[in-house]
Amino acid sequence: MLKWLLVLAVGVVVISLATPWLGRHGLGRLPGDITVRWRGRAIYLPITTTVLLSLLLTLFGRLV
């Protein structure tokens, strides 16, 4: 179980670091990605981007 927690933590860090780069290339502004402004803060829910990246990583994992 510790191994899975480590993989999850590394994944969150990698995605957090890659988010600005992905935003410049169009990911994060897809239809289905939701941005809510509440009390002066922006809450971002990248639903479509998450599904697309998940599919791409799944295909990559099966090919390798």
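Just so you know, residue 1 is the first one in the sequence shown, and it goes up from there.
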Trainee: Given 3.5 Å as the limit, does a donor-acceptor pair link the side chain of Ser54 with the main chain of Thr50, or not?
Mentor: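 Such a contact is absent between Ser54 side chain and Thr50 backbone.
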Trainee: When hydrophobic residues are tied together by side-chain contacts of less than 4.5 Å, even through go-betweens, does Trp21 share a cluster with Leu53?
Mentor: yes
Trainee: Rounded at 0.5 Å granularity, tell me how far CD1 in Ile47 sits from CG in Asp33.
Mentor: 7.5 Å
